[in-house]
Amino acid sequence: MKLECRIDADAEHELHRHDLLEISVLLENEAKFKLLDREYRGAAGDVFLFRPYEPHYNLAADPRRPIRWILVLFSASVVRLIPGGYRLLYPFYSQEVCPHLPAASPYAARIREAAMAAYEEQEEQLPGWESKQFMHFTDILVNLYRYSLEQAESAGESEPAVDAGVVAAVEHILKHLTEDIDVRELIALYGKGKTCFYSRFRQAVGVTPNRFIHRLRMQVAMHLLKTTELSITDIAFECGYSSIPYFNKHFKQYRDISPREYRNRVRRAM
DNA sequence: TTGAGCGTCGTTAATTGATC
DNA sequence: GATCAATTAACGACGCTCAA
């Protein structure tokens, strides 16, 4: 787990991605957040969550007014240390949860307080500060989870079910995203029957395992098309596809245009 | 939880088009 | 002309759902 308080005046910045889960708590001034293709305007007190592999950035809306924000980065496996912690990952794996918690929400306020307390512990480094910081970190996750439950409830959805087996499967996917992933391995990691696995996975993530894998791979592909000079063939292999026609077919399904056209459009827009 | 079965996935090969 | 990218068709493998 990594926690830092940053002050940034950048107004231009490349989209970036990583395999970690990320929470940003905006403390001062206005920011522009971008997640995938959606842009959000953030005010002081707002909280944003970024899912693994989703390209994103967070920048000062006005370079003359630098943003101050707390960044919390962690890997999914950290929740093993929390009783019932697997459930707390639901907001990061479900597409149903809005990544932007406005400052007015009581959950955002509690998350902001917990993040600041966690940061203060780190700064002061009093005896036992790591334990105290972890306690605040747990508090952040619990509030995010409760917020997502409230969202699910208002949308008329049933309570999400994230259990240890689903998290193990998701972790395996994230770790081996660009390699061949056999769903049978995921079922073995889950440890119960395949029907149960498919049902729980869909409940937690919102899509089937294969679709989840493709969604992440497409995000990697879009990022590489935008930010590198790699050929489309190389990008396909880099993203875990061993068949170019299949990569093209998927890309077109995902974006409605071919990879080459996507790259051309991005370059024209720059 | 299991197994059957349908539908989709993923690969290969051939061909065409675009770009340098 | 060479290389890279896109498209299409065919087919076996596998993912996923449903009923028992």
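In what follows, chains are A, B, ... by sequence order, proteins preceding strands, each numbered from 1.
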- Task: Find which nucleotide of DNA chain B each of D180(A) and C196(A) is nearest to by heavy atoms, and output the residue with the more 5' nucleotide.
- Result: C196(A)
- Query: Quick one: ring pair (Phe, Tyr, Trp, His ring centres under 6.0 Å) partners of H250(A), sequence neighbours excluded?
  - Reply: H214(A), Y246(A)
- Query: If you link I, L, V, M, F, W and Y whenever their side-chain heavy atoms are under 4.5 Å apart, who else ends up in the same group as M135(A)?
  - Reply: none
- dA5(C) phosphate, OP1 or OP2, under 4.0 Å from T233(A) side-chain N/O: yes
- Message: So, using side chain to side chain contact (heavy atoms under 4.5 Å, CB included) as the criterion, who are the partners of R202(A) when residues are at least two apart?
- Response: T208(A)
- Nearest whole angstrom, please: distance from the P of dA5(C) to the CZ of F237(A). 11 Å
- For F237(A), what are the other residues in its hydrophobic cluster, where any two members join if their side-chain heavy atoms are less than 4.5 angstrom apart? I244(A)
Atom pairs, protein N/O to nucleotides 6-16 of chain C N/O, distance under 3.5 Å:
unit_1	atom_1	unit_2	atom_2	d
dA6(C)	OP1	S258(A)	OG	3.3
dA6(C)	OP1	R260(A)	N	2.6
dA6(C)	OP2	N248(A)	OD1	2.9
dT7(C)	OP1	K252(A)	NZ	2.8
dG15(C)	OP1	V183(A)	N	3.4
dC16(C)	OP1	T208(A)	OG1	2.7
dC16(C)	OP1	N210(A)	N	3.2
dC16(C)	OP2	Y198(A)	OH	3.3

- Between the base of dT17(C) and the side chain of S199(A), is there any donor-acceptor pair under 3.5 Å? no
- Using whole Å, report how far CD1 of I213(A) lies from P of dT8(B). 18 Å
- Across the strands shown, which category fits S243(A) at heavy-atom distances under 4.0 angstrom: base, sugar-phosphate, nothing? base
- Task: For I257(A) and dA5(C), give me the distance from atom CD1 to atom P, rounded to whole Å.
- Result: 16 Å
- Message: So, using side chain to side chain contact (heavy atoms under 4.5 Å, CB included) as the criterion, who are the partners of E28(A) when residues are at least two apart?
- Response: R68(A)
- Task: Give a yes or no on whether the backbone of A118(A) and the side-chain of Q133(A) come within a donor-acceptor separation of less than 3.5 Å.
- Result: yes
